[in-house]
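Each remark here refers to the structure printed beneath this line.
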Amino acid sequence: MSHAAVDPTFYRCPADAIAAPPEKLAYVVTFDRAAEQPDALAVIDTDPGSAQQGQIVGWAELPTKGDELHHFGWNACSSAFAHAGHHTDGLQRRYLLLPGLRSSNLHVYDTHPDPKQPRLIRTITADELADRAGYSRPHTLHCGPDGIYLSCLGSADGDGGPGGIAVLDHDTFEVVRAWETDRGPQRLAYDAWWHLNQNTLITSEWGTPSMVEDGVVPELLLANEYGHALHFWDLAEGKHLQRVDLGAEQQMVLELRPSHDPNATWGFAGVVISTEDLSASVWRWRRDGDQWTADKVITIPAEPADAELLPPALKPFGAVPPLVTDINLSVDDRFLYVSCWGTGELKQYDVSDPAAPREAGSVRLGGIVGRVPHPSAPDRPLAGGPQMVEVSRDGARIYLTNSLYGSWDDQFYPDGVGAWMAKLTTDPHRGGLTVEEEFFPHGEDFRGRRAHQVRLQGGDASSDSYCYAGF
């Protein structure tokens, strides 16, 4: 294979990704909760040397309304080196695929030739997704070894189950098939990631569309009906191997972050809330012989609060749950970032020893009770909190957005969640967090939309999986 034509943003190993030039643009999906305006893909200048740093320099609106853009990703990335069905010559990290969590449509945008002006080139309809893969409500996608893997919450009829993974072609974006060949006991879906060199895929659990689309349903939560398990699969065969139950009280096992070291066999999963004490937690999975196991390595307690300051859903408890809704692992596997959307805190943990994380930094912005302002606008209380968190490849910059999911926003921030994005800096070797004062797109910068996930030009800590060892 000739490497002359390999996309320079395909990195053979973590060290190559860390050493690559820093990002100059961030892509952010935004959505209109009222579905009166189209959702949009915003392009934000992240170059510290630019006079437009922190400003929206590109804007692409969808052709439809009511999609509720949520998680999105690239057509191809560093996992290209493991493709069985594609070679890397000519394959590029070029297209962004934007799933509509409510519409089940999938919009494909071309970031070439002008990365500041993405162009819509194709829409994959809800009918195509349902007819060819049997799924609906696409949630998360990853560029994978034999296609694009798209995790979906619902079955073809829009609810019930099981949810699962649709595979799309890297080049044509056609929906090819359902990925699973034997799903065993798996019914609920959320995230999907893998250990490429271990031929292992991991999935997590949230709920069916009717369980989540109108917010957290108290009766379901208190009955421990939301997802609380991890599933381990044969990646090549699509065959379920093992279910690891974290405990029925560990409700909503969401984000998965496997180690970037392709020879490692561990990763982290975030749990939103425990019905025993409203705490949130992070669990480490690992291979133990020929089996997989998981153990809790971080517990974050709820914080007592005046009931008068709480939304109706929380008043009976007199406390703010952390609500861990996103986690992210730096490319060198050194620092884990944990978003506590309820309390408005981003925590940084040193996970050099993944079995014993040590808190290394913390920042507060927003929060259900705290409403901590951004340092550039100290008189402006912030709603929402650190939610989607993305880390630069070199580990020095962390980007946050504040909206979780339309119905959850309304439930926990009933007076409005607003829209904002923040940038933090850290020492990638020693840790510690500082809010960058000059970077704060917010409010009408997002044209009446809410800001959700971030992708960085050239890849980021949660976009890529690597095929070769090296730090």
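T325 and Q387 share a donor-acceptor pair across their side chains, judged by distance under 3.5 Å alone. Judged by distance alone, the side chains of S465 and W194 do bring a donor and an acceptor atom under 3.5 Å apart. In this model, a donor atom of one side chain and an acceptor atom of the other lie less than 3.5 Å apart for W283 and S281. In this structure, a donor-acceptor pair under 3.5 Å is absent between the side chains of N402 and H452. Side chains of D127 and T125: a donor-acceptor N/O pair is absent below 3.5 angstrom, by distance only. Side-chain contact annotation: D409 with S403, donor-acceptor N/O pair under 3.5 Å present. Defined by atom type and a distance below 3.5 Å, a donor-acceptor pair is missing between the side-chain atoms of S339 and D326. Using a 3.5 Å distance cut-off with no hydrogens or angles, the side chains of T123 and N105 do not pair a donor with an acceptor. Donor-acceptor pairing under 3.5 Å is lacking for the side chains of N75 and H170. Side-chain N/O atoms of K24 and Q53 include no donor and acceptor closer than 3.5 Å. Side-chain contact annotation: S407 with D214, donor-acceptor N/O pair under 3.5 Å absent.
Ionic pairing of E36 and K65 is not present here: no N-O contact between side-chain nitrogen and carboxylate oxygen is shorter than 4.0 angstrom. Between R132 and E174, at least one side-chain N (NZ, or NE/NH1/NH2) sits under 4.0 Å from a carboxylate O, which counts as a salt bridge. A salt bridge is defined here as a Lys NZ or Arg NE, NH1 or NH2 lying under 4.0 Å from an Asp or Glu carboxylate O, and D157 with R137 fails to meet this definition. For E61 and R449, the salt-bridge test passes: some basic side-chain N is under 4.0 Å from an acidic carboxylate O. A salt bridge between D464 and R93 is present, with a side-chain N of the basic residue lying under 4.0 Å from a carboxylate O of the acidic one. Salt-bridge annotation for E303 and R364: present, with a side-chain N of the basic residue lying under 4.0 Å from a carboxylate O of the acidic one. By the 4.0 Å N-to-carboxylate-O rule, R430 lies too far from D350 to be salt-bridged with it.
Side-chain contact between Q348 and S362 is absent, with no heavy atoms from C-beta onward closer than 4.5 Å. Between L346 and I398 the shortest side-chain heavy-atom distance falls below 4.5 Å. Side chains of L221 and M252 form a contact here, defined as non-hydrogen atoms less than 4.5 Å apart. Annotation: side chain of M421 is in contact with side chain of V28 (closest heavy-atom distance under 4.5 Å). Side-chain contact between L256 and W285 is present, with heavy atoms from C-beta onward closer than 4.5 Å. Within the 4.5 Å cutoff, side-chain heavy atoms of S392 are placed close to those of L456. At least one side-chain heavy atom of H70 sits under 4.5 Å from a side-chain heavy atom of Y405. Residues D191 and T203 are not in side-chain contact: their nearest non-hydrogen atoms beyond the backbone lie 4.5 Å or more apart.
The aromatic rings of W408 and W341 lie tilted to each other, with the angle between the two planes from 30° to 60°. Using a 30° and 60° split on the angle between ring planes, Y11 and Y466 fall in the tilted class, from 30° to 60°. Aromatic ring orientation, W179 versus Y149: tilted (interplanar angle from 30° to 60°). Between Y190 and H139, the two ring planes are tilted [angle within 30° to 60°].
For the pair S279 (side chain) and I300 (backbone), a donor-acceptor distance under 3.5 Å is absent. With hydrogens and angles ignored, the 3.5 Å screen pairs no side-chain donor or acceptor of S376 with any backbone N or O of E438. Put simply, the side chain of S274 never gets that close to the backbone of L278: no donor and acceptor are under 3.5 Å apart. For Y27 (side chain) and I44 (main-chain N/O), no donor-acceptor pair under 3.5 Å exists by modelled atom type.
Less than 6.0 angstrom separates the ring centroid of F173 from the ring centroid of Y95.
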Stepwise ring pair (Phe, Tyr, Trp, His ring centres under 6.0 Å) check, W193 with F268
CA-CA 11 Å; W193 253 119; F268 295 108; over 10 Å; no

Go through the steps to decide whether V324 and V271 satisfy the test side-chain contact (heavy atoms from CB on, under 4.5 Å), and finish with yes or no.
CA-CA 6 Å; V324 165; V271 173; over 6 Å; no

Passes ring pair (Phe, Tyr, Trp, His ring centres under 6.0 Å), H374 versus H442? Steps please.
CA-CA 10 Å; H374 191 277; H442 63 281; 8.0 Å; no

Salt bridge (Lys or Arg N to Asp or Glu O under 4.0 Å) between D110 and R94, worked out:
CA-CA 6 Å; D110 186 358; R94 174 170 177 169; 2.7 Å; yes

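Evaluation of the salt bridge (Lys or Arg N to Asp or Glu O under 4.0 Å) test over residues 375-397, restricted to residues two or more places apart or in two chains, returns E23-R397, E390-R455, D394-R397.
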